[in-house]
Chemist: 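Sharing a structure, written as structure tokens. Questions coming.
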Amino acid sequence: MKINVTLPDGTVRSYEQGVTAMDVARSISEGLARNVLSAKVNGEVRDANRPLPGDCSIQLLTWNDPEGKATLWHSSAHLMAEAIEALYPGTKFGIGPPIENGFYYDIDLGGRVIGDGDFKAIEDKMKELAAHKEVYVRREVPKAEAIKYFTEKGDEYKLELIDGLEDGTISFYTQGNFTDLCRGPHLPDTSFIKAIKIMSVAGAYWRGDEKRKQLTRLYGITFPKQKELDEYLALLEEAKKRDHRRLGRELDLFTFSEKVGAGLPLWLPKGTALRERLVNFLKKAQEKGGYEQVVTPHIAQKALYVTSGHYEKYGKDSFQPIHTPDPTEEFFLKPMNCPHHCEIYKSRPHSYKDLPVRYAEFGTVYRYEQSGELHGLTRVRGFTQDDAHLFCTPDQVKAEFMKVIDLVLMVFRALEFTDYEAQVSLRDKEDRSKYIGSDANWAKAEAAIMEAAAEKGLKTVVEYGEAAFYGPKLDFMVKDALGRRWQLGTIQVDYNLPERFELEYVGADNLKHRPVMIHRAPFGSLERFVALLIEHTGGRFPLWLAPEQAIILPISEKFNEAAQGVARLLKDHDIRAVIDERNEKIGRKIRDAEMAKLPFMLVIGEKEAAAGTVAVRGHGQGDLGPMTPLQFKQLVEERIHAGLATL
RNA sequence: GCCUUUGUAGCUCAGAGGUAGAGCACUUCCUUGGUAAGGAAGAGGUCGCGGGUUCAAUUCCCGCCAAAGGCUCCA
């Protein structure tokens, strides 16, 4: 009996029944066989050494395929588990999947504590086992047998996992002395794993439930070549140089003080200048879009948040009430601007002719984030949202929503965030108790978001359980230097707060109607947005945003006066320039300016002073030649326009 | 909040049971120099905070605070 195997290029080869993907690889070339980690058979990723099911199309997977990487890492997780079992007998195992960069295994060490001092021993053991070229053996087992095996082993975690599986779909993989419940697929043998690094250890709740036991999660990464591990580690080091917490200090943008409090950023003058420029940029765009600025206080009475639902939802987990001499009064720091904006809307009657009404506020809010969650500027306890609330009639929702999408995308383009993901954040499928409002309202809101996103041709991913408690969201997610996803822009459709606040407008029928609210923030928060902007630009901000656009460098102190003249001239033309008047050589001044990532350096010495010019040098570009301050001003303007031309 | 790790000068870091060191930054002086670090001198630290052990703690132990990487959470 022969079977026909179709390769990705369309060629069909004939093999004996029982042939494996690895055999196919070997028949093509030995070199290929050495690199095959697993194979996609009729679209399903399987072990390379598993017999092919019959006539099929296959794609051999190597390190260059994401699924190939996942296979290596998944098998590495098993290898790590084997090493751990050898080093720490009695360890129980949770789950050990491959992830974006490497793999982890959740383990229960029965009271033993593992720290990074133990990593070397685990790595060494893994290397030793890998060198044994242990074969990964797949075996399909009946559920009863699987239960028996892990009952005898005393591993309640695996038993719980088996409990959720159907009989007939359960498989074990064994390599060396270690057997695991696993769907696979796996490598042919452990020798494919050449370079091994245990990265970190963390606590992780079993099944992601904080009410259940916290297991020890060990993160690791492996590669088929040592060189690739070295390169990966070097890449991580490079990424750390873009960390906004580091650049924020180096570029004098912001700081924190233990005395002020964790998660309460202090913006330094340069950071403030950057932030103000972002604010003004958006304000201008919003004015064009028919928004009106409003201002609301930082605190409000408890009753406001009882009405909005925030009190019930977050009251216990937020900053606690502010008291006054009157013991019956309780004020809260505002965690959101929307309740205040609802009250502004309510302050006067509205006709359908006035809608949509768009209230915008750069509103600073305070949320008591869990201490373990605080992270630089991306997760803080006091931050400013570029918030706005649009009150519209039901049939205006979609058009308004689409306009907001345009605004968010314009902002992202202006700041060169090309790598974002649009995420539709919906309710938790199981637990509806976390949300307010009727199913009908939620259905309407979800439909509005889906339709608007679709009509805008936006590629979206859907995430359940990510909605706000009052409505679904369209979130714009961006990754930081280390690949962590953060929500920046957000747009939310809300049928619920208008109900709670009893918002109304008079329709053409002279009857009262309920408006629909759209919450939206293109940046999300200034803090988080600036953090991501720092990481994406590496501190080399777009010219229009740079806190300082140029630094004037006198060749010697003799030319400080000439430099001041140039500085005045540039200032008159709205170019932000400073002077380095230090008693240093020009080479030193240039080096320091380059390190400070200043966009332009203007050198002024005898020649320039006489000719009324400056010698311009671009950051990372070298000498751009002499020009007059006015010519330089034109250069700056051209560069800014070129950068914003795509808007 | 939970797990692991860390906390020494403005920054990056070394150090040891007997009250501390380097480089850079800073100040002063010399130098007035043409495109990525000129030279010299000086100043600067309650070794995160609070307890405990000890003749003696910054070092060992405990608690707290803060930070890092995760988990959970995220209006």
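Labels below follow one simple rule: chain letters A, B, ... track the order of the sequence lines, proteins then strands, and each chain is numbered from 1.
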Chemist: Measure CG/A/L251 against P/B/C11 and give the value in whole Å, please.
Modeler: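 After rounding, the gap between these two atoms is 15 Å.
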Chemist: Contact class for A/Y219 vs. all strands (heavy atom < 4.0 Å): base, sugar-phosphate, or nothing?
Modeler: sugar-phosphate
Chemist: Students often get this wrong, so: under 4.0 angstrom with heavy atoms, is A/E606 touching a base, only sugar-phosphate, or nothing?
Modeler: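 The residue A/E606 makes base contact.
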Chemist: In the strands shown, is B/C29 matched to any nucleotide by a Watson-Crick or G-U wobble pair with both distances under 3.5 Å, and which?
Modeler: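 Because both required distances fall under 3.5 Å, B/C29 counts as paired with B/G39.
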Chemist: Quick one: which residue pairs count as a side-chain hydrogen bond (donor to acceptor under 3.5 Å, both in side chains) with a foot in residues 465-474 of chain A, not counting sequence neighbours?
Modeler: A/Y470-A/Q492, A/K473-A/D475, A/K473-A/Q487
Chemist: Classify the side chain of A/Y205 and the base of B/G70 as holding, or not holding, a donor-acceptor pair under 3.5 Å.
Modeler: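 For A/Y205, whose side chain was compared with the base of B/G70, there is no donor-acceptor pair (under 3.5 Å).
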Chemist: Pick the closest RNA chain B nucleotide for A/E608 and for A/R207 by heavy atoms, then say which residue is nearer the 5' end.
Modeler: A/E608
Chemist: Write down the partner of B/G45 under the Watson-Crick or G-U wobble criteria, each distance required to be under 3.5 Å.
Modeler: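 Partner of B/G45: none.
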Chemist: CD of A/Q631: more than 12 outside heavy atoms within 6.0 angstrom?
Modeler: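 Result for CD/A/Q631: enclosed.
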Chemist: Tell me the interatomic distance from A/I114, atom CD1, to B/C3, atom C1', rounded to whole angstroms.
Modeler: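 About 12 Å, once rounded to whole Å.
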Chemist: How long is the line joining CG of A/D580 and C1' of B/G33, in whole Å?
Modeler: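 Answer to the nearest Å: 14 Å.
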Chemist: Would the base of B/C73 count as contacting A/R379 through its side chain, where contact means a donor and an acceptor less than 3.5 Å apart?
Modeler: yes
Chemist: Kindly say whether the aromatic ring centers of A/F476 and A/F417 come within a distance under 6.0 Å.
Modeler: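 They do not qualify: ring centres at least 6.0 Å apart.
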Chemist: Treat primed atoms plus P, OP1 and OP2 as sugar-phosphate and everything else as base, then score nucleotides 38-49 of chain B 5' to 3': B for base contact with protein heavy atoms under 4.0 Å, S for sugar-phosphate contact only, - for none.
Modeler: B-----------
Chemist: Nearest whole Å is fine: how far is B/G1 P from A/E210 CD?
Modeler: 12 Å
Chemist: Roughly how many Å is it from CD in A/Q370 to C1' in B/G69, rounded to a whole number?
Modeler: 16 Å
Chemist: Looking at B/G69, I'd like to know if its phosphate oxygens (OP1 or OP2) sit under 4.0 Å from a side-chain N or O belonging to A/R484.
Modeler: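 For A/R484, the contact criterion (side-chain N or O under 4.0 Å from OP1 or OP2 of B/G69) is met.
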Chemist: Under 3.5 Å, is there any donor-acceptor pair linking the side chain of A/Q214 to the base of B/C2?
Modeler: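 Present.
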Chemist: For B/C11, give the paired nucleotide (Watson-Crick: N1-N3 plus N6-O4 or O6-N4; G-U: N1-O2 and O6-N3; both under 3.5 Å), or none.
Modeler: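 Pairing partner: B/G23.
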Chemist: Tell me whether the side-chain N/O atoms of A/H375 come closer than 4.0 Å to OP1 or OP2 in B/G69.
Modeler: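 So the side-chain polar atoms of A/H375 do come within 4.0 Å of the phosphate oxygens OP1 or OP2 of B/G69, strictly under.
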Chemist: Given atom NE2 of A/H244 and atom P of B/A67, what is their separation to the nearest angstrom?
Modeler: 12 Å
Chemist: The side chain of A/L374 lies closest to which of these nucleotides: B/C74, B/A67, B/U35?
Modeler: B/A67
Chemist: Please test A/D439 against A/R427 for salt bridge (Lys or Arg N to Asp or Glu O under 4.0 Å), starting from the C-alpha separation and ending with a verdict.
Modeler: CA-CA 11 Å; A/D439 284 349; A/R427 279 191 292 181; 3.1 Å; yes
Chemist: Taking the six-membered ring where the residue is Trp, are the ring centres of A/Y105 and A/F93 under 6.0 Å apart?
Modeler: yes
Chemist: Between A/R591 and A/I604, which is nearer to the 5' end of RNA chain B once each is assigned its nearest nucleotide?
Modeler: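 It is A/I604 whose nearest nucleotide is closer to the 5' end.
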Chemist: Among the candidates B/G33, B/A67, B/G34, find the nucleotide nearest to the side-chain atoms of A/A615.
Modeler: B/G34
Chemist: Assign A/A202 to base, sugar-phosphate, or nothing according to its heavy-atom contacts below 4.0 angstrom with the strands shown.
Modeler: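 Base, at least one base atom sits under 4.0 Å.
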Chemist: Just the rounded figure in Å: distance from C1' of B/G69 to CD1 of A/I198.
Modeler: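 Spelled out: CD1 on A/I198 to C1' on B/G69 is 15 Å.
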Chemist: Which nucleotide, if any, forms a Watson-Crick or G-U wobble pair with B/U4, using both distances under 3.5 Å?
Modeler: B/A68
Chemist: Report the base-pairing partner of B/G17 (Watson-Crick or G-U wobble, both distances below 3.5 angstrom), or none.
Modeler: none
Chemist: Would you mind checking if A/E361 and A/K334 are paired as a salt bridge, meaning a charged N to carboxylate O distance below 4.0 Å?
Modeler: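 Yes, this pair counts.
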Chemist: Taking the side chain of A/R617 as heavy atoms from C-beta outward, which of B/G33, B/U35, B/C71 is closest to it?
Modeler: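 Ranking B/G33, B/U35, B/C71 by closest atom to the A/R617 side chain puts B/U35 first.
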Chemist: Taking any heavy-atom pair under 4.0 Å as a contact, classify A/Q621: base, sugar-phosphate, or nothing.
Modeler: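 Nothing, no heavy atom under 4.0 Å.
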Chemist: To the nearest 0.5 Å, what is the distance between NZ (A/K597) and CE (A/M595)?
Modeler: 8.5 Å
Chemist: Which heavy atom in A/D386 sits nearest to a heavy atom in A/R520, and how many Å separate them?
Modeler: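 Distance-wise, the nearest heavy atoms are O-NH2, 2.9 Å.
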Chemist: Provide, to the nearest angstrom, the distance between the CZ atom belonging to A/R582 and the P atom belonging to B/A25.
Modeler: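 So the two atoms are 9 Å apart, to the nearest Å.
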Chemist: What is the pairing partner of B/C73, taking Watson-Crick or G-U wobble pairs with both distances under 3.5 Å in any strand?
Modeler: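 Pairing partner, where one exists within any strand: none, as none qualifies.
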Chemist: Is it the case that the ring center of A/F523 lies less than 6.0 angstrom away from the ring center of A/F362?
Modeler: no
Chemist: Checking base pairs now: Watson-Crick or wobble, both atom distances under 3.5 Å. What partners B/A57?
Modeler: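 When the pairing criteria are applied, nothing turns out to pair with B/A57, so the answer is none.
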